[in-house]
Amino acid sequence: MNSRFQRILVTAALPYANGLLHLGHLAGAYLPADIYVRYHRARKRDVLFVCGSDEHGVAITVTAEKEQTTPQAVVDRYHALNKNAFEKFGMSFDNYSRTSLPLHHQTTREFFTAFHKQGVLREREEQQLYCEKDALFLADRYVEGTCPNCKYDQARGDQCENCGSWLNQTELIHPKCKICGATPVVRQTTHWYFPLGEFQQRLQAYIEQRSKRDGWKENVLRYCESWFKEGLQDRAVTRDLSWGVPVPVAGYESKVIYVWFDAVLGYISSAKEWAARSDDPDRWKKYWLSEETKYVAFIGKDNVVFHCIVFPAFLMAWNDGAEEQYVLPENVPANEFLNFESQKFSKSRGWGIDLQDFLKFFPADPLRYTLAINLPESRDSDFYLRDFQARTNNELADILGNFVNRTLTFVEKNFGRKVPHLGELTEMDKEMIARLDEVPRKVSELYEQYRFRDGVIETMNLARLANKYFNDSEPWKTSTSNPIQCATSLHICLQIVRSLAILFEPIVPTIAQRIWTTLNLSSSPHTAGWESAADLELPEGHSFNKPEILVTKIEDSHIEEMVKSLSGNTPPARPALSPEIKPTITLDDFKKIDLRVARVLKAERVPRSDKLLRLEVEIGSEKRQVVAGIANHYAPETLVGSLIVVVANLQPAKLMGQESQGMLLAASDNTGRLAIVTVASELESGGTVK
RNA sequence: CGCGGGGUGGAGCAAUUGGAAGCUCGUCGGGCUCAUAACCCGAAGGUUGCAGGUUCAAGUCCUGCCCCCGCUACCA
């Protein structure tokens, strides 16, 4: 660590208390943060590690509405579940707070009021849709209606998914409240804005400087650049909601501060709460209000804009107008996303595994190890259950666990559970000791650069090397032929076991502690200090406890059991074809649909569209234009001349500005394949289908 | 041409500023037997998506093309 800093402040993104944590969250932010913190604690550095639940926002009120309960009840539940899951996972937060606490409301009001007084915030009047039934102003994603451009009837308040155009929610034709389906009304409202645009230059300079100083990750810089390139826009900091921090300005009592404003301030509140518990309630200031603090914010990629741009801008704005100077993030090592079995985690599709479910079946450490070695540090990565099993069995159990076990049991049998004498060193011994000396430093360097995956690999490589050393030393032979050399080899192996406990502690703390305890050493590996992993500190004659199996292997059946219990989670790519048939209709119903055979005369792609083809078809004597979303499956030229089936009496629709007079029939399955419906032999176009 | 990411041995991934294509798993063969049938050694397997270009030298830089993914809902 750079000598400019006296202490380290680490935050991990506040998880939203509207759902359960899953493995992707851990890989994105929490595990790297925890490894980083545990490593620094072992280095005896002054570290404060805070987090907490993000408990405001409209999504939570919607959940409460659905469940016929209060927002507070929703966040109480998820806060407790997530906090508990974090503990089981081994997260070593100094404090895990929550943003619904009065303390946090106070912090948020303090910032808002300061900005307001300084004249930083701007007031703006705007028109917004209001649902009278729900008594709620509708955020963009809670309203849908017909797109004024393409007439697509499920356009959202901010953008039409069909034609891609950006909308103002008041432009929607026939808007509907997505919560209750009622038609909202337009109401005038006033909001405060934070002028992010005015901070752009300073933010760019800030990022450049810190990046130079601490080596920001490339992916993070890329995200920032694209935001800067577009130009930063002012952002509303208030909302018309009842759930959140009330706006502390006269006349605004019915509004709350927008959740993204208060969420990042939760880090400060969490530190305050931590300090308030001690005899020095001001000691949070030592971390937050000092240039001697190295502040590192761990997040996932979707949060880059808030932590690299919005939050620093807030702190700058505060620092401009106050004596107290907050420290800005020195680095924001955001990870990409982790997929589960090559598909994106998705709550709505029920894809992925919640942390708490996972921990019902397997202990935290194998999960920590597998995630650590698969961290999406430079791009999206995958978590595969068979990989989890293989990593646990072949690496944690076989390489690390078995090395510890073979060493301890060998010493137990030959030297009575006491550290044997270190005699004269062979070349091989010297080489091993030299390598041991290098590893802690090497891993340090990687961790300091936020390269956790490489650090973990390097750590496991020490165990690999130790196995080789054991093999090459052949103590089972020297135990009779050269007992002194045998003792020396095992002395060194025991020292390595001790070192492994220290080096593995950030990654698999429970396993590390078990090694430590078995070695009959006091306290914990980190109290010995990271650097001491390079040394031979186990005293000769020191007696240790009876060795036990360190890592239990995972059987196939165990994995299957978990998969079975998650039966609701079928992969979206290969769900069973739904046997659900729509309600019965009469023949008359069917006869309303005029299906006709048509011949394709001309086919071409619709400009600027990925999926659409424009077809000119002949239906008997009539010519029509039909637009079909099959461009991903058919090249236009292969369709010309072929016979297709169209719905001839469908109300015309406009797609990407092209009118479609009818609908082409095509069949698809759940693997994403698609085939157009055609007729089995040559017919005249215009023929009816029945 | 909407924006961005990515295509590297069977699988998952590495490869600072261009400088001998590596790692883990799997496969095959061998060694060892202290240990959780574990550990160690060796081998096979790649024209780094395709086609050009720059260079003494290209996985890496440039141009064109092909394919996959995210940018849309809860969601790191």
Kindly point out which of B:rU36, B:rC75, B:rC34 is positioned nearest to the side chain of A:Leu550? B:rU36
With sequence neighbours excluded, what pairs up with A:Glu474 under the side-chain hydrogen bond (donor to acceptor under 3.5 Å, both in side chains) test? A:Lys477
Hey, which of these two, A:Arg406 or A:Ile299, hits RNA chain B nearer its 5' end, going by closest nucleotide? A:Arg406
Any A:Ser378 side-chain N or O less than 4.0 Å from OP1/OP2 of B:rA14: yes
So if I take every side-chain heavy atom of A:Asn18 and compare against B:rC74, B:rG12, B:rC40, which nucleotide ends up nearest? B:rC74
Taking the C1' atom in each of B:rA51 and B:rG12, what is the distance between them to the nearest angstrom? 29 Å
What nucleic acid atoms does A:Gly19 come within less than 4.0 Å of, heavy atoms only: base, sugar-phosphate, or nothing? nothing
Centre-to-centre under 6.0 Å for A:Tyr30 and A:Phe89, is that the case here? no
When you check the side-chain N and O atoms of A:Asp556 and A:Gln389, is any donor under 3.5 Å from an acceptor? yes
Starting at CG of A:Asp382 and ending at P of B:rG70, how long is that distance when rounded to a whole Å? 12 Å
Integer-rounded Å distance: B:rG5 C1' and A:Lys217 NZ: 14 Å
Taking any heavy-atom pair under 4.0 Å as a contact, classify A:Ala397: base, sugar-phosphate, or nothing. base
Centroid-centroid under 6.0 Å between A:His307 and A:Tyr267 rings: yes
For A:Leu338 and A:Lys477, find the nucleotide of RNA chain B closest to each by heavy atoms; which residue's nucleotide sits nearer the 5' end? A:Lys477
Is it true that atom CH2 of A:Trp227 has more than 12 heavy atoms of other residues, nucleotides or ligands lying nearer than 6.0 Å? no
In whole Å, what separates the P atom of B:rG22 from that of B:rG46? 14 Å
Considering only residues two or more places apart or on different chains, which pairs with a residue in residues 11-35 of chain A satisfy salt bridge (charged side-chain N to carboxylate O under 4.0 Å, His left out)? A:Asp34-A:Arg38, A:Asp34-A:Arg368
Proximal nucleotide (of B:rU36, B:rA14, B:rC25) relative to the A:Asp398 side chain: B:rU36
For a quick check of understanding: with a heavy-atom distance under 4.0 Å over all strands, which category does A:Ser346 fall into, base, sugar-phosphate or nothing? base
Among B:rC75, B:rC13, B:rC39, which nucleotide has an atom closest to any side-chain atom of A:Tyr16? B:rC75
Whole Å only: how far is the CD atom of A:Glu218 from the C1' atom of B:rU60? 12 Å
Any residue meeting salt bridge (Lys or Arg N to Asp or Glu O under 4.0 Å) with A:Glu548, in chain and number order, not counting sequence neighbours: A:Arg514
Choose from B:rC39, B:rC71, B:rC74 the nucleotide whose nearest atom is closest to any side-chain atom of A:Lys344. B:rC71
Contacts of A:Asp398 that satisfy side-chain contact (heavy atoms from CB on, under 4.5 Å) - sequence neighbours left out: A:Asn394, A:Lys553
Separation of B:rC74 P from A:Asn303 CG (nearest whole Å): 14 Å
Counting only side-chain heavy atoms from C-beta out, which of B:rU8, B:rC40, B:rC25 sits nearest to A:Asn394? B:rC25
In whole Å, what separates the C1' atom of B:rC28 from that of B:rG10? 13 Å
Suppose you measure atom C1' in B:rC23 against the same atom in B:rC56; what distance do you get, rounded to whole Å? 30 Å
Report which part of the nucleic acid A:Asn467 touches: base, sugar-phosphate, or nothing (heavy-atom distance under 4.0 Å, all strands). sugar-phosphate
What does the 5'-to-3' dot-bracket notation of RNA chain B look like when only Watson-Crick and G-U wobble pairs under 3.5 Å count, and pairs to other strands show as |? .((((((..((((.....[..)))).(((((.......))))).....(((((..]....))))))))))).....
Closest to the A:Arg464 side chain, choosing from B:rG70, B:rG5, B:rC40: B:rC40
For a quick test of reading the model: is some side-chain N or O of A:Arg453 closer than 4.0 Å to OP1 or OP2 of B:rA14? yes
Do A:Phe345 and A:His25 have ring centroids that are under 6.0 Å from one another? no
Provide the distance between the two P atoms, one in B:rC65 and one in B:rU55, to the nearest whole Å. 24 Å
Quick one: does NZ or CZ of A:Arg386 land under 6.0 Å from the six-membered ring centre of A:Tyr384, within 45 degrees of the ring axis? yes
Does A:Lys413 make a side-chain N or O approach to OP1 or OP2 of B:rC34 shorter than 4.0 Å? no
Quick check, are the ring centers of A:His79 and A:Tyr96 under 6.0 angstrom apart? yes
Nucleotide nearest A:Asp472 (side chain, heavy atoms from C-beta), chosen from B:rC13, B:rG4, B:rC40: B:rC40
Would you classify A:Val551 as touching base, sugar-phosphate or nothing, given that sugar-phosphate means primed atoms plus P, OP1 and OP2, and contacts are heavy atoms under 4.0 Å? base
In Å and rounded to the nearest 0.5 Å, what is the OG to CG distance from A:Ser53 to A:Asn18? 11.5 Å
Taking atom types as they are modelled, would you say the side chain of A:Asn471 forms a donor-acceptor pair with the base of B:rC39 within the 3.5 Å cutoff? yes
If I pick the C1' atom on B:rC13 and the same atom on B:rG6, what distance separates them, to the nearest angstrom? 13 Å
Rounded distance in Å - CG (A:Leu494) to C1' (B:rC34): 13 Å
Describe the nucleic acid contact of A:Lys553 in one word from base, sugar-phosphate, nothing, applying a heavy-atom distance below 4.0 Å. base
For A:Glu474, which contact category applies under a 4.0 Å heavy-atom criterion: base, sugar-phosphate, or nothing? nothing
So is the aromatic ring of A:Phe410 stacked onto the base of B:rC34, judging by whether the centres are under 5.5 Å apart and the planes are under 30° apart? no
Let me know the distance between CE of A:Met460 and C1' of B:rC23, rounded to the nearest Å. 14 Å
Let me know the distance between CD of A:Glu395 and P of B:rC13, rounded to the nearest Å. 15 Å
Rounded to the nearest angstrom, tell me the gap between atom CD in A:Gln343 and atom C1' in B:rC69. 11 Å
Are A:Phe311 and A:Phe306 an aromatic pair by the rule of ring centers under 6.0 Å? no
Between B:rU60 and B:rU48 - C1' atom distance, rounded Å: 10 Å
Protein N or O to nucleotides 43-45 of chain B N or O, pairs below 3.5 Å:
none

With the side chain of A:Arg379 defined as its heavy atoms from C-beta on, choose the nearest nucleotide among B:rC40, B:rG6, B:rC74. B:rG6
Among the nucleotides B:rU24, B:rC32, B:rA14, whichever has the atom closest to the side chain of A:Trp476 is B:rC32
Work out how far the C1' atom of B:rC39 is from that of B:rC75, and round it to whole angstrom. 43 Å
